[in-house]
Amino acid sequence: MVRYTFAMPTALITGTSTGIGLETAIAFSRKGYRVFAGLRTPARAALLQKAIGEGLPIVMVQLDVDNDASVSDGVSEVLAHAGRIDVLVNNAGIGVGGPLEQVSIADSKAMFETNYFGAIRMIRAVVPGMRTRRSGAIVNVTSAAGRIAIPIHGHYAATKFALEAASESLAGEMRPFGVRVAIIEPGVILTPIFMKAESVIDPSTPYLTAINRLWRFFATQLIDPTLPSAVAETIIEAVETTTPRLRYTVGEDAAVLVAGAIRSRMRSGLN
């Protein structure tokens, strides 16, 4: 087995086959990081393979965040090669939309398994090394839906609210050990998640007005969308800035939604 000598910092990123994860892997590699790109099916990652073929310092790692053994094996593989993980980016995620009463418990559990417990598995695997070295950064990609829950996305928002809560707690736990924690809150980003998301809506649903309103909102945002590369740039900023903060919104829509939610809660006495 080859063992790398690292003057380069090491980043492990999940969900890198497309979208935000792919752009983040490429961006970190271009910034001088040795990137370990975690993904479920490396054979299907044509765009990532292309980036590697262009000479970027990226190593693919088979890693399913839903599976304890896969996470353990994937992190062990990175440590065997690199000896350390300086940056963890939890990006892997799935989405299923629909009214609370119409999204199945199985679909809701699947979202929690990936969006919440997947990130927690990764955190548990890398924190001991970071804590011992007293350095490192953990970046959790949530969503503007982690700050404001809109109709027809309640279960998805719940997973993101949960990860935001865990991230806040983790930030306090890691601060004495010099480990940085950041939350990235994108709005509507042009990624394949819109094609991957399953529709569970019956056309005769009583929630048709709310569903149509949501899809009109998405359609409007996708006319001039925020690109995944903008999220990647924000993630690098969160890792490298000398004035770190806990939360970073990405996209004008995210900033407007979050600011509106804060104002609404202040007016109602909930904040």
Side-chain angles (χ1 to χ4, degrees), residues 11-31 33-67 70-71 74 77-78 87-97 107 110-111 113-119 121-122 139-146 153 156 159-160 163 183-199 215 218-219 221-236 238-239 248 250-251 253-254:
L12 172 57
I13 305 163
T14 67
T16 56
S17 59
T18 59
I20 292 169
L22 173 66
E23 292 296 331
T24 302
I26 291 171
F28 268 101
S29 68
R30 287 176 174 163
K31 287 285 288 185
Y33 288 75
R34 185 71 182 187
V35 174
F36 289 85
L39 65 171
R40 285 181 176 176
T41 314
R44 297 180 184 174
L47 294 175
L48 194 58
Q49 290 276 18
K50 180 182 177 183
I52 294 169
E54 292 170 356
L56 292 177
I58 301 172
V59 176
M60 288 195 292
V61 178
Q62 199 286 323
L63 200 161
D64 179 357
V65 301
D66 290 3
N67 184 282
S70 180
V71 168
E77 181 180 340
V78 175
V87 178
L88 168 66
V89 180
N90 282 310
N91 168 72
I94 59 173
V96 176
D107 283 338
M111 279 192 286
E113 196 65 63
T114 300
N115 298 357
Y116 179 74
F117 290 110
R121 286 186 184 92
M122 295 300 303
V139 182
N140 293 328
V141 180
T142 66
S143 168
H153 261 291
Y156 176 77
T159 69
K160 298 301 187 178
L163 185 53
I183 302 169
I184 308 297
E185 301 171 330
V188 178
I189 307 296
L190 185 61
T191 74
I193 195 169
F194 287 100
M195 280 76 82
K196 293 177 182 176
E198 296 180 20
S199 175
W215 284 109
F218 284 154
Q221 298 307 313
L222 290 170
I223 291 171
D224 184 21
T226 303
L227 299 177
S229 57
V231 185
E233 291 167 6
T234 303
I235 291 171
I236 289 177
V239 169
Y248 298 77
V250 187
D253 58 333

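For the atom pair CG of N140 and CD1 of I235, the computed distance is 10.0 Å after rounding to the nearest 0.5 Å. Rounding to the nearest 0.5 Å places CG of N91 at 11.0 Å from CD of E23. Remark: T18 OG1 to L47 CG distance equals 8.0 Å, nearest 0.5 Å. Between I26 atom CD1 and L56 atom CG the span is 6.5 Å, to the nearest 0.5 Å. Taken from CD in E113 to OG1 in T159, the straight-line distance is 12.0 Å, to the nearest 0.5 Å. Going from atom OG1 of T114 over to atom CD1 of I94 covers 4.0 Å, rounded to the nearest 0.5 Å.
Between T24 and V231 the shortest side-chain heavy-atom distance does not fall below 4.5 Å. Residues N90 and V139 fail the side-chain proximity criterion, which asks for heavy atoms closer than 4.5 Å. In this structure the side chain of L63 reaches within 4.5 angstrom of the side chain of M122, judged on heavy atoms. At least one side-chain heavy atom of F28 sits under 4.5 Å from a side-chain heavy atom of V239. Between S17 and T41, every side-chain heavy-atom pair lies at or beyond the 4.5 Å cut-off. The closest side-chain heavy-atom distance from K160 to T142 is below 4.5 Å. Contact of the R40 side chain with the D66 side chain is registered, since non-hydrogen atoms from C-beta on lie closer than 4.5 Å. Contact of the Y33 side chain with the I13 side chain is not registered, since no non-hydrogen atoms from C-beta on lie closer than 4.5 Å.
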Q: Report the C-alpha distance between Q49 and M60 in whole Å, list the side-chain angles of each, state the deciding distance to 0.1 Å, and finish with yes or no for side-chain contact (heavy atoms from CB on, under 4.5 Å).
A: CA-CA 9 Å; Q49 290 276 18; M60 288 195 292; 3.1 Å; yes
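In this structure, D64 contributes its side chain and S70 its backbone to no donor-acceptor pair below 3.5 Å. Proximity of a side-chain donor or acceptor of T16 to a complementary backbone N or O of G38 within less than 3.5 Å is detected.
Of all the heavy atoms in L48 and A25, the pair that sits closest is CD1-CB, 4.4 Å. The two residues A37 and L39 have their closest heavy-atom pair at O-CD2, 3.1 Å. Pairing each heavy atom of G187 with each of A144, the nearest pair is CA-CB, 4.4 Å. Of all heavy-atom pairs spanning A27 and A232, the tightest one is CB-CB, 4.0 Å.
Ion pairing between a basic and an acidic side chain is recognised when a charged N comes within 4.0 Å of a carboxylate O; K31 and E233 show no such pairing.
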